[in-house]
Novice: 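First, the structure itself, so that you have it in front of you.
Every number for a ligand or one of its atoms is a count from 1 in the order of the listing.
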Amino acid sequence: MRSLNFDKSKPLLYLVPSPIGNLEEMSPRALTIIKEADLIACEDTRMTAKLLMFFNIRKPLVSLREHNEVSESEIIIKRILNGEKIIYMSDAGYPCISDPGAKLVQIAIENGVNVSCISGPNAALNALVSSGIDPTHFYFHGFLNAKEKLKIDELKTLANKEETLIFYEAPHRIKKTIESMYMIFGDRKACIGREITKKHEEYIRDTLKNLNELDENTLIGEMVIVVEGKPQEKTITITDEEIRSLVSEYINEGLSSKDAIKRVSEQTKINKNYVYKIYHIS
Ligand code: SAM
């Protein structure tokens, strides 16, 4: 289904990201859209009221968060269909990214309401691009399970991912989480982005082993963890002639031809049948 967002023939729900700590990151476009709204649905009315007060804006607010997301979304979408201009904001950063909003978007689309998101702050992307870890391909995981055993199971499912991994974590769990990551992922490059966009913004770029040794008392505030993906196995370039002579070398050392072929296959990661064929047939 195709529909142009700004041709005014269809109702529109705006998602408006909010600052992740630095109020100067509220864009002029975001402020214009907020000022034009009849109602602001938000994760926490007290947080959004504070933000609006800073910009001298007064608007009616309604809470839409995890516990009432479906029922309140249905009400809001009906009101948008009746002609009201309603926007959604979560407490910090992008709605829907480890924050409520996804159900509202889904219900909007199901009911023929267009959805448009204003560009704005997001902790994961700031951390990724500042980390120095390869940003070409990345996997955003958000929060891990708070229960240690489940967290470890979750990390195990991510251990083979080659993409750079991005996690959100609460300050009181950061130490244990880094320890579990070191245990499951091994000593990979990693970076903690702390207090991003705020006065005490800090990037700790190191390896999981060294991050695991950091003093917990220095890890305060909000944090994102960026971890290098599983290092790719190095491909060995080897000619058929070299395969043949490697097998012969092992045979001369006393291995059977079968064991020599197996060892060369393991060592070079070249299929055993191919090594067999090169040695015996060609
Ligand atoms: N919706 C937000 C976004 O787009 O980034 C994320 C909200 S999530 C509930 C909150 C988590 O995001 C925090 O626990 C932390 O991991 C991360 N976070 C948010 N603000 C941050 C900041 N200023 N510095 C570092 N991490 C931050």
Side-chain angles (χ1 to χ4, degrees), residues 13-27 29-30 34 40-48 50-51 54 63-69 87-106 115-133 135 138-147 151 154-155 158 164-181 190-206 208 211 214 216 218-227:
L13 164 71
Y14 272 116
L15 303 174
V16 180
S18 41
I20 55 169
N22 187 330
L23 295 179
E24 288 181 16
E25 294 204 335
M26 201 71 198
S27 74
R29 183 170 183 227
I34 291 172
I40 299 175
C42 54
E43 181 181 2
D44 182 337
T45 51
R46 280 164 308 174
M47 290 285 286
T48 304
K50 251 196 235 166
L51 178 69
F54 181 84
S63 155
L64 185 152
R65 51 198 309 162
E66 227 169 274
H67 76 274
N68 70 350
E69 200 172 347
I87 67 170
Y88 185 68
M89 302 174 74
S90 63
D91 287 351
Y94 270 71
C96 311
I97 301 298
S98 299
D99 265 346
K103 292 206 175 84
L104 175 65
V105 170
Q106 202 184 321
V115 178
S116 181
C117 185
I118 304 296
S119 305
N122 168 252
L125 288 180
N126 277 38
L128 173 70
V129 299
S130 309
S131 69
I133 298 173
F138 63 88
Y139 167 83
F140 171 72
H141 192 80
F143 288 102
L144 289 156
N145 201 299
K147 295 204 176 85
K151 186 196 290 177
E154 217 173 332
L155 287 171
L158 305 174
T164 295
L165 309 168
I166 310 175
F167 300 91
Y168 285 161
E169 190 51 289
H172 64 281
R173 280 197 283 266
I174 193 96
K175 185 76 182 157
K176 200 85 192 97
T177 297
I178 296 280
E179 188 187 321
S180 305
M181 286 178 172
C191 173
I192 298 176
R194 198 174 71 79
E195 294 288 88
I196 296 169
T197 75
K198 303 185 200 175
K199 193 172 163 205
H200 298 292
E201 175 176 287
E202 179 186 28
Y203 285 96
I204 315 173
R205 304 175 181 92
D206 214 311
L208 283 174
L211 292 181
L214 287 174
E216 200 168 350
T218 64
L219 297 177
I220 42 180
E222 295 195 281
M223 278 167 273
V224 179
I225 312 168
V226 182
V227 183

Novice: For ligand 1 and Ser98, I'd like to know whether there is a polar contact (N/O to N/O, distance under 3.5 Å).
Specialist: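 No, Ser98 has no N/O under 3.5 Å of an N/O on ligand 1.
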Novice: Measure the CG-CG distance between Leu23 and Leu51 for me, rounded to the nearest 0.5 Å.
Specialist: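 Interatomic distance, Leu23 CG to Leu51 CG, rounded to 0.5 Å: 6.0 Å.
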Novice: If only atom types and distance count, is the side chain of Lys175 paired as donor or acceptor with the main-chain N or O of Leu214 below 3.5 Å?
Specialist: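 Answer holds: yes.
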Novice: Identify the closest protein heavy atom to atom 13 (C) of ligand 1: which residue and atom is it, and at what distance?
Specialist: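 Checking every protein heavy atom, the shortest distance to atom 13 (C) of ligand 1 gives Glu222 OE2, 3.7 Å.
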Novice: Does Phe167 come within less than 4.0 angstrom of ligand 1, counting non-hydrogen atoms of the residue?
Specialist: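 Contact absent.
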Novice: Is it true that Lys176 and Glu179 make a salt bridge, defined as a side-chain N closer than 4.0 Å to a carboxylate O?
Specialist: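 Here Lys176 pairs with Glu179 in a salt bridge, since their nearest N and O are under 4.0 Å apart.
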Novice: Looking only at N/O atoms, are Tyr168 and ligand 1 under 3.5 Å apart anywhere?
Specialist: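 Such a contact does occur with ligand 1.
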Novice: Is the side chain of Ser18 donor-acceptor paired with the backbone N or O of Met26 at a distance under 3.5 Å, no angle test?
Specialist: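 Checked: no pair found.
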Novice: For atom 2 (C) of ligand 1, what's the nearest protein heavy-atom neighbour? Residue, atom name and distance, please.
Specialist: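 So the nearest neighbour among protein heavy atoms is Ala92 O, 3.1 Å.
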Novice: Aromatic rings Phe167 and His141: how do their planes relate, parallel, tilted or perpendicular, breaks at 30° and 60°?
Specialist: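 Geometry flag for His141 against Phe167: tilted rings.
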Novice: Would you check whether Val224 reaches within less than 4.0 Å of ligand 1, judged by its heavy atoms?
Specialist: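 So Val224 counts as touching ligand 1.
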Novice: Just by modelled atom types, is the Ala124 backbone N or O under 3.5 Å from a matching donor or acceptor in the Tyr168 side chain?
Specialist: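 Indeed, once roles are kept as given, a pair shorter than 3.5 Å links the two residues.
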Novice: Are more than 12 heavy atoms from other residues, nucleotides or ligands located less than 6.0 Å from atom CZ of Arg29?
Specialist: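 Yes.
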Novice: Mind checking whether Gly21 has a heavy atom under 4.0 Å from ligand 1?
Specialist: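 Gly21 does not count as a contact of ligand 1 under the 4.0 Å cut-off.
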Novice: Using a 4.0 Å heavy-atom cut-off, which part of Ile196 comes near ligand 1: side chain, backbone, both, or neither?
Specialist: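 Ile196 to ligand 1: contacts from backbone and side chain alike.
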Novice: Indicate yes or no: does an N/O atom of Lys198 lie under 3.5 Å from an N/O atom of ligand 1?
Specialist: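 No, Lys198 has no N/O under 3.5 Å of an N/O on ligand 1.
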Novice: What about Pro121: any of its N or O atoms under 3.5 Å from an N or O on ligand 1?
Specialist: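 In fact, backbone or side chain, Pro121 has no N or O that close.
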